[in-house]
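Please read the structure below before turning to the comments.
Here, residue 1 is the first one in the sequence, and each next residue gets the next number.
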Amino acid sequence: MLKGSEIICESLLREGVDVLFGHPGGAILPFYDALWSYPQIRHILVRHEQSAAHAADGYARVTGKPGVCVATSGPGATNLVTGIMGARADSVPMIAITGQVARTVLGSEAFQECDICSIASVCTKRTYLVMSARDLAPTIHEAFRIAVEGRPGPVLIDVPRDVQLELCDFEYPEIPEPSLPAVSPETLEQVPLAARLINEAERPVIIGGHGILASGAQPEIQALAEKTGIPVINTLLGLSGFPRNHPLSLGMLGMHGMYWNNIVVDQADVVVGLGMRFDDRVTGRADTFAPHARIVHLDIEPSQIGRNVPVEVPLAGDAKAVLQHLLPLVERVERPEWMGFISGLKNEHPSLAIPHADVLQPQQVLAELNELVQDDPDSVIVTGVGQHQMWAAQFLFFNERNTFISSGGLGAMGFELPAAMGAQVGKPGSSVWSIAGDGGFQMTLQELATVAQEKMPIKIALFNNGYLGMVKQWQELFFENHLKDVPIPGPEFVKLAEAFGIPARKVDHQEDVMPALKEARNHDGPYLVEFVVNPEAHVYPMVPPGGSLADTLEDPLLVPTT
């Protein structure tokens, strides 16, 4: 006989959980009391529940296991929602456990009562309100299965306080051995058609998305590229799914992708989309996307196939499993004209050139950080959302799986620091860099206290341009330079870090960048470097709103005037 709170702990242990990110409160206190008896489960006290969900997200991405976050009822539960929705948008497995008021007062507007299951129903794969302790073990087992099967995502389990105190017998369902998902007969029929299109293509390109990472299909996409000789482009969330230093790697495409990639897709005759959704940030104006191409689309969620662009060969299934069926059927085809065209684009349109300036350019910082992390390929980069995110995606070369973490679909500012905490816990032996903007950093900077308390050796590269930089860029380019509420003065960030016991330094000269990065890397513990960067720097290339990939704008400071 165990209490419901103890059953939760026992169930988590059987699912392989060894860390939780959370914040206690009244309705979840029985569970926290039970944690006293389970030292195998490490609890990390965040300073805000949103950070618990982002940390669970970061943990899940580097480990491949569901991240677990915990909060109390009412505001604790609602504060999780942003991070839960971020996990849903980016297909990240997560289990959120929330306390709830006692069954006897449900529906009475009791103190801190909130129908979190209804609120979270649109941003989870499933929600559960567990009304009996005997249902806890099977519910938790099912929740973990649902979180990882098919398209991964978050599941929420809401547990009333008295259910956590209720006694019942404990027996946990048997956990089956993991196996590669079977490929449906319908998809198997389409595989030879996909191979024929690939083999006959004159101007093919592969686009790898986050599904490659979720399925562990990095070896398969690399084998496909090498066997066929087809170049590989990545989506933002597909970065680290194909080695960036590989000769067939072209980097990122889309709104702020490499100019050459956008033109390559525009001119391709076959596009092979693997584990990606053809979302608006990738396609630009959807009706103009890849106008000459026949499209092969592989996605684990059948409803995504053909949703945004017309598809000739649909492949519904797990990327790793389907690619293993496709690989024996494809052939090596030499395409010297196509590869020469791509090489010419890269030479004539240097998207990674850094505009000259007398002030510190953010691109320079990331280019030098890239030099540093190439010596440590297991380094994990976690970004916030905005200009620094796009520059990081452009200038940092990721060669190992799951070494780039960013909020893509939801685009949640403030993601970078708490997600870096989760990544650091998930890969304790790796260097973890949090790439932050001064705007987003101010949304979750309270987690410096968590970093200090847990002695996490996270390195924070803070880009301070004094503005909400991406919003400012849009206002300048598309709103007649009406700069409304984008200056965002912050605290003295170095003093702030030091107030938490974290060493820090400020850099505003070009020659000081690499010494500061090395000092941060070599410090045994957390370290913050504030880079005071050019406030006028814009992110290019850029697909303008409503434009096609063929309309990609280049940096006017780099385009020749003659």
Let me see the working for Y540 and L558 under side chain to side chain contact (heavy atoms under 4.5 Å, CB included), right down to the final yes or no.
CA-CA 10 Å; Y540 288 102; L558 297 174; over 6 Å; no

Residue pair [X] / [Y], side-chain heavy-atom distance below 4.5 Å:
{"X": "L396", "Y": "F398", "answer": "yes"}
{"X": "L248", "Y": "M339", "answer": "yes"}
{"X": "I116", "Y": "V81", "answer": "yes"}
{"X": "Q363", "Y": "Q394", "answer": "no"}
{"X": "V205", "Y": "I342", "answer": "no"}
{"X": "V232", "Y": "H246", "answer": "no"}
{"X": "K65", "Y": "Y59", "answer": "yes"}
{"X": "W260", "Y": "L250", "answer": "yes"}

Whether the side chain of [X] engages the backbone of [Y] through a donor-acceptor N/O pair (distance < 3.5 Å, no angle test) should be reported.
{"X": "K125", "Y": "I146", "answer": "yes"}
{"X": "K484", "Y": "Q475", "answer": "no"}
{"X": "T383", "Y": "Q389", "answer": "no"}
{"X": "S351", "Y": "Y259", "answer": "yes"}
{"X": "E15", "Y": "F144", "answer": "no"}
{"X": "D266", "Y": "L549", "answer": "no"}
{"X": "K320", "Y": "G216", "answer": "yes"}
{"X": "D269", "Y": "H292", "answer": "no"}
{"X": "Q424", "Y": "S430", "answer": "yes"}
{"X": "N79", "Y": "Q50", "answer": "no"}

Stepwise, does the side chain to side chain contact (heavy atoms under 4.5 Å, CB included) test hold for R151 with R277?
CA-CA 12 Å; R151 179 182 176 184; R277 298 182 290 112; 4.0 Å; yes

Which heavy atom of [X] sits nearest a heavy atom of [Y], and at what distance?
{"X": "T552", "Y": "P541", "answer": "CG2-CB, 3.6 Å"}
{"X": "T98", "Y": "L156", "answer": "OG1-CD2, 4.0 Å"}
{"X": "T444", "Y": "P418", "answer": "OG1-CD, 3.6 Å"}
{"X": "V309", "Y": "A286", "answer": "CG1-O, 4.3 Å"}
{"X": "A319", "Y": "L298", "answer": "CA-CD2, 3.8 Å"}
{"X": "N347", "Y": "P350", "answer": "O-CD, 4.3 Å"}

Can you list the steps and then say if V270 with I230 is a side chain to side chain contact (heavy atoms under 4.5 Å, CB included)?
CA-CA 10 Å; V270 169; I230 298 176; over 6 Å; no

Rounded to the nearest 0.5 Å, what's the gap from [atom1] on [X] to [atom2] on [Y]? Could you check?
{"X": "S431", "Y": "D378", "atom1": "OG", "atom2": "CG", "result": "9.0 Å"}
{"X": "S249", "Y": "R244", "atom1": "OG", "atom2": "CZ", "result": "4.0 Å"}
{"X": "E142", "Y": "E149", "atom1": "CD", "atom2": "CD", "result": "8.5 Å"}
{"X": "S240", "Y": "I212", "atom1": "OG", "atom2": "CD1", "result": "11.0 Å"}
{"X": "L326", "Y": "T187", "atom1": "CG", "atom2": "OG1", "result": "12.0 Å"}
{"X": "W391", "Y": "H256", "atom1": "CH2", "atom2": "NE2", "result": "9.5 Å"}

[X] atom [atom1], neighbour heavy-atom count above 12 within 6.0 Å:
{"X": "R307", "atom1": "CZ", "value": "no"}
{"X": "R335", "atom1": "CZ", "value": "yes"}
{"X": "E226", "atom1": "CD", "value": "yes"}

For N199 and V330, run side chain to side chain contact (heavy atoms under 4.5 Å, CB included): C-alpha distance rounded to whole Å, both residues' side-chain angles, the deciding distance at 0.1 Å, then the answer.
CA-CA 6 Å; N199 294 337; V330 295; 3.8 Å; yes

Scan N370, L372, D376 and name whichever one has a side chain to side chain contact (heavy atoms under 4.5 Å, CB included) with Q374.
N370

May I ask you to decide whether R61 forms a salt bridge with D90, counting only side-chain N to carboxylate O separations under 4.0 Å?
yes

Is there a side-chain hydrogen bond (donor to acceptor under 3.5 Å, both in side chains) between Q218 and Q222? Walk through the geometry before answering.
CA-CA 6 Å; Q218 187 183 34; Q222 186 169 338; 5.3 Å; no

Take S548 and R285 through the side-chain hydrogen bond (donor to acceptor under 3.5 Å, both in side chains) test and state the conclusion after the steps.
CA-CA 5 Å; S548 68; R285 209 176 84 196; over 6 Å; no

Would you confirm whether the ring centroid of F478 sits within less than 6.0 angstrom of the ring centroid of W474?
yes

